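In what follows, every chain begins at residue 1, and chains take the letters A, B, ... in the order their sequences are listed. Below, all heavy atoms of this structure are taken into account, side chains as well, without hydrogens, waters or symmetry copies. Treat the numbers as computed from the prediction; the structure is a model and nothing was measured.
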There are 4 protein chains.
Amino acid sequence: MINRTVLVGRLTKDPTISYTQSGIAVCRFTLACNRPFKSGDGEQQADFINCVTWRKQAENTANFLRKGSLAGIEGRIQTSSFDGQDGKRVFMTEVVADSVQFLEPKSNRSEQPNGSYQAPQQQSQPQYSQQDPFDGGAQIEVSDDDLPF
Amino acid sequence: MINRTVLVGRLTKDPTISYTQSGIAVCRFTLACNRPFKSGDGEQQADFINCVTWRKQAENTANFLRKGSLAGIEGRIQTSSFDGQDGKRVFMTEVVADSVQFLEPKSNRSEQPNGSYQAPQQQSQPQYSQQDPFDGGAQIEVSDDDLPF
Amino acid sequence: MINRTVLVGRLTKDPTISYTQSGIAVCRFTLACNRPFKSGDGEQQADFINCVTWRKQAENTANFLRKGSLAGIEGRIQTSSFDGQDGKRVFMTEVVADSVQFLEPKSNRSEQPNGSYQAPQQQSQPQYSQQDPFDGGAQIEVSDDDLPF
Amino acid sequence: MINRTVLVGRLTKDPTISYTQSGIAVCRFTLACNRPFKSGDGEQQADFINCVTWRKQAENTANFLRKGSLAGIEGRIQTSSFDGQDGKRVFMTEVVADSVQFLEPKSNRSEQPNGSYQAPQQQSQPQYSQQDPFDGGAQIEVSDDDLPF
DNA sequence: TTTT
DNA sequence: TTTT
């Protein structure tokens, strides 16, 4: 059994973070992935893929990604179902991301991570280490001298 | 923009084939992909992922795969939406498979491909070549002498 | 930075296992992945991809896979280089597998795992749990009642 | 048989383009993909993965990517071997890219594509269409009105 | 050095 | 032979 997905796309909205009752962070966002071909009438088409990530990744995603951010994720497709408020069964598909890569150049990042997303109040200590999620990742220090553009 | 998925799982039902008005074959099936971990109560869990494939792949899939068949696919996640019969917008996610690999050993295959799936009547010629979809693929001729099991 | 590979192919030889000085198991094998097209002269072509896996996966692979076994892996491409015995630098590419799936039907498996591969003598306890690597793996029994379709 | 790789990394050098005797463009480049973990001594580590692409993709890659460019590719691992000049057999592994995505922001692109790479002289017409490889690629402008959420 |  |  293999279930592996890789996506690179842009967030359609700011990500949302919440916490389970046991205090685990969960962050949801949607990636718009443009299709490599146009529709019959020449319009750009995209797939809007719901993604979810957990724990430290969730907090990093909430802190550093915004609507429009270019991001890459690796994960697996997860399906679930529940009873909708109208009594009909609702089926849901989302990608559970093991890893989230921020692919914007540094110049596009907010100077300060958005400080409003933190583990809930009752936790006097941050639950996950607040390390830089870009360490070893998409560190991008493009100086004009380095690149012939 | 990257949107790539690889799945290996088993068909939850026989695949279904249909034809667009212009005669293009489209085959739908669902893959059950077991999760690599058990739920809290020790139960096996799986994701049930809707897949669709087109043209020659559609006919091969309909002819050679059955409920329970082990298959591997490569494709991309596609999202769409339409108005449900109750007027509510319904969102759909499926994997459009570029390639479908049959991973059963030959001994598990039906002797004859299921002959009931063919291009519709008005086509006097088969629309897609009827070549063996296992050519270069998962040809499996395991003789007892070759394998130390 | 994303680096993800998924392969399904057959082992070209029995896998080899060894142990680092600190007693960590490492298993190497080569997967033959047939190309989906034939060469000009109609011959089947394949890529022979070196793979490596560590710890419990290493022991499971050594115990349950053999020359000819169909296997699926997920991992990342790793490159390295070292000085060859002729003083020339040798470059090496291999896939480090996070997960290895055994895709043979149950009937093709040896009744007993190959007992000859164990953690080295000085370890009185098995270093990794000897659980069935196929649990939750390639065999499922889908009944209509279980599926939400 | 499945053989699929997705990479996001940076070009270690300017790509090189050449043409086969029959005039088909082939472009080679190496992607540096940083590993998500540091080595024992805290150093950043990377894999240097050789890639090759053909035809129109080859010309686009040669025209638009440079040393340091962030790029994403999808492809398959290809192995081959040949006799080295010292008579020893040399084994080679590279990723054949079906698709190459340019992931730099627009501001980092050269105004003019590098005009020096063209199909060879004897071809009075460009062999591959000179369309913008970024169409439908890395830049989108998502307005709330466009999204079905 | 290659599997089926 | 390596990118940031």
Side-chain angles (χ1 to χ4, degrees), chain A residues 101-107 132 134-143 145-148, chain B residues 101-107 132 134-148, chain C residues 1 3 7-16 28-35 43-51 65-72 79-81 88-91 93 103-104 108, chain D residues 1 3 7-16 28-35 43-51 65-71 79-81 88-91 93 103-104 108:
Chain A
Q101 289 294 318
F102 185 39
L103 298 172
E104 296 288 337
K106 236 173 187 156
S107 53
D132 182 355
F134 311 108
D135 249 352
Q139 312 106 309
I140 303 174
E141 255 127 55
V142 190
S143 101
D145 306 329
D146 296 337
L147 282 179
Chain B
Q101 290 294 318
F102 184 40
L103 297 172
E104 296 288 337
K106 235 175 187 156
S107 53
D132 183 354
F134 311 108
D135 249 354
Q139 311 108 308
I140 303 173
E141 254 128 56
V142 190
S143 102
D144 280 347
D145 307 328
D146 295 337
L147 281 178
Chain C
M1 302 283 153
N3 178 349
L7 303 173
V8 174
R10 288 183 183 279
L11 293 241
T12 61
K13 289 187 174 167
D14 287 359
T16 63
R28 286 177 198 275
F29 56 97
T30 299
L31 283 183
C33 296
N34 289 337
R35 296 183 189 161
E43 233 188 314
Q44 173 67 59
Q45 288 187 301
D47 296 292
F48 301 103
I49 302 169
N50 294 321
C51 301
L65 296 186
R66 287 290 165 271
K67 178 180 175 174
S69 298
L70 187 68
T79 61
S80 50
S81 63
K88 275 183 54 179
R89 194 133 201 93
V90 179
F91 294 91
T93 300
L103 298 172
E104 296 289 337
N108 282 12
Chain D
M1 302 285 152
N3 178 347
L7 303 173
V8 173
R10 288 183 184 279
L11 294 241
T12 61
K13 289 188 175 165
D14 287 0
T16 63
R28 286 176 199 274
F29 56 97
T30 298
L31 282 183
C33 296
N34 290 337
R35 296 184 189 160
E43 232 188 316
Q44 173 67 61
Q45 287 188 300
D47 297 291
F48 301 103
I49 302 169
N50 294 320
C51 300
L65 296 185
R66 287 291 166 270
K67 178 179 175 175
S69 298
L70 186 68
T79 61
S80 51
S81 63
K88 274 185 53 179
R89 195 133 202 94
V90 178
F91 294 91
T93 299
L103 297 173
E104 296 289 338
N108 283 11

Holding to side chain to side chain donor-acceptor pair (under 3.5 Å), I want the full list of residues that pass it with C:S81, two or more places apart in sequence or in another chain. C:R89
Test side chain to side chain donor-acceptor pair (under 3.5 Å) applied to C:T12 - qualifying residues, sequence neighbours left out: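 Here no residue qualifies.
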Would you please test C:E104 and C:R10 for salt bridge (Lys or Arg N to Asp or Glu O under 4.0 Å) and show each step? CA-CA 10 Å; C:E104 296 289 337; C:R10 288 183 183 279; 3.4 Å; yes
Whole angstrom is fine here: how far is it from [atom1] in [X] over to [atom2] in [N]?
X: A:Q101; N: F:dT3; atom1: CD; atom2: P; value: 19 Å
X: D:F48; N: F:dT1; atom1: CZ; atom2: P; value: 11 Å
X: D:R35; N: F:dT4; atom1: CZ; atom2: C1'; value: 16 Å
X: D:L31; N: F:dT3; atom1: CG; atom2: P; value: 13 Å
X: C:E43; N: E:dT2; atom1: CD; atom2: P; value: 12 Å
X: C:N34; N: E:dT3; atom1: CG; atom2: C1'; value: 7 Å
X: C:D14; N: E:dT3; atom1: CG; atom2: P; value: 12 Å
X: D:M1; N: E:dT2; atom1: CE; atom2: P; value: 17 Å

Nearest-neighbour nucleotide for the [X] side chain, [options] considered:
X: C:K13; options: F:dT2, E:dT3, E:dT1; answer: E:dT1
X: D:R89; options: E:dT4, F:dT3, E:dT1; answer: E:dT1
X: D:K67; options: E:dT3, F:dT3, E:dT1; answer: F:dT3
X: C:F91; options: F:dT1, E:dT3, E:dT2; answer: F:dT1

Quick check: closest heavy atoms across C:C33 and C:G9, and the distance to 0.1 Å?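 That closest heavy-atom pairing would be SG-CA, 4.2 Å.
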